[in-house]
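This one's a predicted model, so the numbers in the text were calculated from it and none came from an experiment. So you know, we letter chains A, B, ... as the sequences are listed, proteins then strands, and number each from 1.
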There are 2 protein chains.
Amino acid sequence: MTNGGALRELDEVDHALLEAVQRDGRATLSDLAATIRLGVSATRARLQTLERQGIITSYAAHIDPERVGYALRAVVRMRVNGPLLDSQVTAVLEKRPQIVRCLRVTGESCYMMEVVATGMRDLEEITDDLAQIGPITTDLVYEVVADKPTPVP
Amino acid sequence: MTNGGALRELDEVDHALLEAVQRDGRATLSDLAATIRLGVSATRARLQTLERQGIITSYAAHIDPERVGYALRAVVRMRVNGPLLDSQVTAVLEKRPQIVRCLRVTGESCYMMEVVATGMRDLEEITDDLAQIGPITTDLVYEVVADKPTPVP
DNA sequence: ACTGAAAGGCCGGCCAA
DNA sequence: TTGGCCGGCCTTTCAGT
């Protein structure tokens with residue numbers, strides 16, 4: 001059987017592999033094999049297992065928003081008073097790709113979103129859409145102080 | 001000349017390429033060449049340019065924090081009253097790899113952080129460290145509603 | 001579960017346009 | 001800047017342990 005979702009115990013080698021492939025997502029199997037001191041075949045087998053189990057969810061290139069025209073980054077918190085109107089939130093998320101991240105959280109803010117924008121005009125359009133769902137608070141981001149991969153304990 | 005940092009105008013093909021490598025960071029050059037309908041050499045040249053310009057900053061595997069033992073995710077907001085004590089923040093960031101993201105922002109909260117934790121005990125240790133720098137507010141994350149790549153305008 | 005070898009495919013440098 | 005060719009490396013598969 002395949003056992004796609006269960007969490008098997010990860011050993012030291014798996015940890016090293018996860019760490020390596022998070023640091024360099026384009027590392028070749030040979031590279032990874034060398035860093036975790038294992039044969040290429042074994043490395044591939046472990047990697048495929050991690051992918052199949054959903055522990056590795058995806059591989060992605062990261063790009064610098066500033067260099068592609070987004071001068072601004074902001075955090076928008078939003079309350080929703082009545083019944084949770086997920087459909088409205090989903091609609092705005094689909095309409096506005098600049099909303100790059102959205103979390104549903106406890107506390108006063110029901111949703112926390114991270115937004116990139118080409119300028120204040122652009123940001124205003126997005127927050128206007130959100131403000132129709134519930135009261136929002138917008139903070140501009142001065143600096144991304146840290147953006148780290150998930151540690152493997 | 002190399003012109004490492006300036007922003008050249010990106011054309012349609014560059015947009016398509018950026019979109020493609022964000023969706024699949026492990027796509028081969030042949031794959032990418034096929035999707036952007038270009039030769040392999042040309043694809044490689046453009047990709048290298050994007051990397052050299054710092055538009056593509058890195059490649060990474062994404063892993064599911066839950067499946068590696070992090071049952072909790074939280075957002076911590078922190079004020080800093082007096083002079084900005086970046087060194088103290090940096091120290092905690094280095095000590096606690098579970099703080100996977102940290103933004104310095106405008107508004108009442110000076111810092112916004114995203115944290116993964118194995119349980120409440122783990123989370124408590126981290127927030128205790130942060131609370132020594134300034135007053136904090138901690139929200140637990142119910143769900144990551146969206147986590148999208150940066151759009152290319 | 002890991003190693004090693006063989007076959008095929010892909011990458012990365014070169015030159016031509 | 002793009003396309004084509006070629007040498008070398010990587011991936012993949014398959015025995016073997």
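With rounding to whole Å, B/L47 atom CG is found 14 Å from D/dT1 atom P. Following rounding to the nearest Å, A/L32 (CG) and C/dC2 (C1') show an atom-to-atom distance of 17 Å. Between B/L17 atom CG and D/dT2 atom C1' there is a gap of 14 Å when expressed in whole angstrom units. The distance from atom CD of A/E51 to atom P of D/dT11 is 12 Å, rounded to the nearest whole Å. Rounded to whole angstrom, the span from the CZ atom of B/R37 across to the P atom of D/dT2 amounts to 16 Å. To the nearest angstrom, P of C/dC14 lies 12 Å from CD of B/Q48.
Inter-residue side-chain proximity for A/L50 and A/L10 is flagged as met; some heavy-atom pair is nearer than 4.5 Å. B/I63 is not listed as a side-chain neighbour of B/R67, based on a closest heavy-atom distance of 4.5 Å or more. Side chains of B/R77 and B/E108 form no contact here, defined as non-hydrogen atoms less than 4.5 Å apart. Contact of the A/L123 side chain with the A/L140 side chain is registered, since non-hydrogen atoms from C-beta on lie closer than 4.5 Å.
In the set D/dT11, D/dT13, C/dG12, C/dG12 carries the atom at the smallest distance from any side-chain atom of B/L29. Picking from D/dT1, D/dT12, D/dC10 the nucleotide with the shortest atom distance to the side chain of B/R46 gives D/dT1. Of the listed nucleotides (C/dT3, C/dC11, D/dT2), C/dC11 has the atom at the smallest distance from the side chain of B/S30. Distances were taken from every side-chain heavy atom of A/V40 (C-beta onward) to each of C/dC2, C/dC11, D/dT12; the shortest belongs to D/dT12.
Side-chain N/O atoms of B/T28 include none lying less than 4.0 angstrom from OP1 or OP2 on C/dG9. For D/dT13, one of the phosphate oxygens OP1 or OP2 lies less than 4.0 angstrom from a side-chain nitrogen or oxygen of A/R44.
Ranked by how close their nearest DNA chain C nucleotide is to the 5' end, A/T43 and A/R26 are led by A/T43.
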Decide side chain to side chain contact (heavy atoms under 4.5 Å, CB included) for A/M113 and A/R101; before the verdict, give the C-alpha distance in whole Å, the side-chain angles of both, and the deciding distance to 0.1 Å.
CA-CA 5 Å; A/M113 284 166 264; A/R101 193 164 175 78; over 6 Å; no

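Using a 4.0 Å heavy-atom distance criterion, A/S41 is classed as a base contact.
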